[in-house]
2 protein chains.
Amino acid sequence: MVKLSARSLDRLFHALADQTRRKILVTLSRGESTVGELARPHKMSLAAVSKHLGVLETAGLIDRKRVGSFQVVNLRAESLQTANKWLSFYEKCWGQKLNALQDLLEKKK
Amino acid sequence: MVKLSARSLDRLFHALADQTRRKILVTLSRGESTVGELARPHKMSLAAVSKHLGVLETAGLIDRKRVGSFQVVNLRAESLQTANKWLSFYEKCWGQKLNALQDLLEKKK
DNA sequence: GTACAATTCAACCAAATGGTTAAATTAAGT
DNA sequence: ACTTAATTTAACCATTTGGTTGAATTGTAC
């Protein structure tokens, strides 16, 4: 099992629980981007998008680095890997439950 | 790709973004349980746990049925399967990003 | 039908969330 | 230095969240 504190998981799932933030992640999965570019497709202020990026950053899902006068945003591979492992664990855990149910249904037949 | 509305995903991830609710899910993965049993290990009121169950139910992660004077709570296999598929998609999506990065690193060497 | 046990509902509260606008920061170009 | 562009910060606001307590509901047992 991956070592992730409860707080980290809270932050991770909370970050994913918003469509705007999920869209940003999907955009970033196609390559790095500036804040302005990320904001353009969303009809909300730049400040709002900046806040969403803050949430994603605290969750460890992205990082920002300054390049010239721009902030360049990237998915954080390391953190994604950890997230992936956690998700896999639960997939397995829930999968077992699923299998148990299916076994039960088989027996009933 | 699994058909899940943005609102459903919001609810799903929001439901997972709380330690108490995650613990409840883990408990339930070991088998069905009553509300009282689920509440006992948590030091908060029964009403609070009942609310958490409401969140999990709205997210489609559990269902409740009355058995005698108890409410029996179960993981909802169907919904879990959908959730699993969605998570898998993102694992793959993020995995590709990860691979792209690794390829890039390989090329640099 | 009275009493009790399991659970939910209602009303309330403090803190966090997701948005706004306006001011502050930071770097680039002239 | 001055201006402009990119982004963040600050102050604010409405709504949602996660908890509380006390009353209402629903089913069991007498």
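Below, chains carry the letters A, B, ... as their sequence lines are ordered, and counting in each starts from 1.
- When side chains are defined from C-beta on, A:L75 does not count as touching A:L61, because their heavy atoms never get closer than 4.5 Å.
- Distance, B:H42 NE2 to D:dG18 C1': 14 Å, rounded to whole Å.
- Only A:S45, A:A47, A:A48, A:K51, A:H52, listed by number, bring a heavy atom of residues 45-58 of chain A to less than 4.0 angstrom from any atom of DNA chain C.
- Phosphate proximity of D:dA6 to A:R66: absent, as no side-chain N or O sits under 4.0 Å from OP1 or OP2.
- Rounded to a whole Å, the CD atom of B:Q19 is 14 Å from the C1' atom of D:dG18.
- Rounding to the nearest 0.5 Å places OG of B:S29 at 11.5 Å from CG of B:N74.
- Between the P atom of C:dT8 and the CZ atom of B:F70 lies a distance of 13 Å, rounded to the nearest Å.
- B:M44 places its CE atom 17 Å from the C1' atom of C:dC13, with the value rounded to the nearest Å.
- Side-chain N/O atoms of B:R64 include none lying less than 4.0 angstrom from OP1 or OP2 on C:dT7.
- By the side chain to side chain donor-acceptor pair (under 3.5 Å) test, B:S50 is found to be paired with no residue, residues two or more places apart in sequence or in another chain being considered.
- Of all heavy-atom pairs between B:L56 and B:A15, the closest is CD2-CB, 4.1 Å.
- As a whole-Å value, the separation of B:K43 NZ from D:dT20 P is 11 Å.
- An OP1 or OP2 oxygen of D:dG18 is reached within less than 4.0 angstrom by a side-chain nitrogen or oxygen of B:H14.
- Atom P of nucleotide C:dT8 and atom CD of B:Q71 are separated by 5 Å, given to the nearest angstrom.
- The salt bridge (Lys or Arg N to Asp or Glu O under 4.0 Å) pairs that include a residue from residues 55-75 of chain B are B:E32-B:K65, B:E57-B:R64, where partners are two or more places apart or lie in different chains.
- Sorted by first and then second residue, the salt bridge (Lys or Arg N to Asp or Glu O under 4.0 Å) pairs involving residues 6-20 of chain A (not counting sequence neighbours) are A:R7-A:D10, A:D10-B:R22.
- Note that CD of B:E37 and CD1 of B:I24 are 12.5 Å apart. Values are rounded to the nearest 0.5 Å.
- Comparing B:T34 and A:D18 along DNA chain C, the residue whose closest nucleotide (by nearest heavy atom) sits nearer the 5' end is B:T34.
- The separation between A:D10 atom CG and C:dA15 atom C1' is 15 Å, rounded to whole Å.
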### Query
Dot-bracket for DNA chain D, 5' to 3', counting Watson-Crick or G-U wobble pairs under 3.5 Å, with [ ] for crossing pairs and | for inter-strand pairs?
||||||||||||||||||||||||||||||

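- The two residues A:H14 and A:R21 make their nearest non-hydrogen contact at O-NH2, 3.1 Å.
- The other residues sharing a hydrophobic cluster with B:V67 are B:V72, where clustering joins ILVMFWY side chains under 4.5 Å apart.
- The CZ atom of B:R7 sits 13 Å away from the C1' atom of C:dG18 (whole-angstrom rounding).
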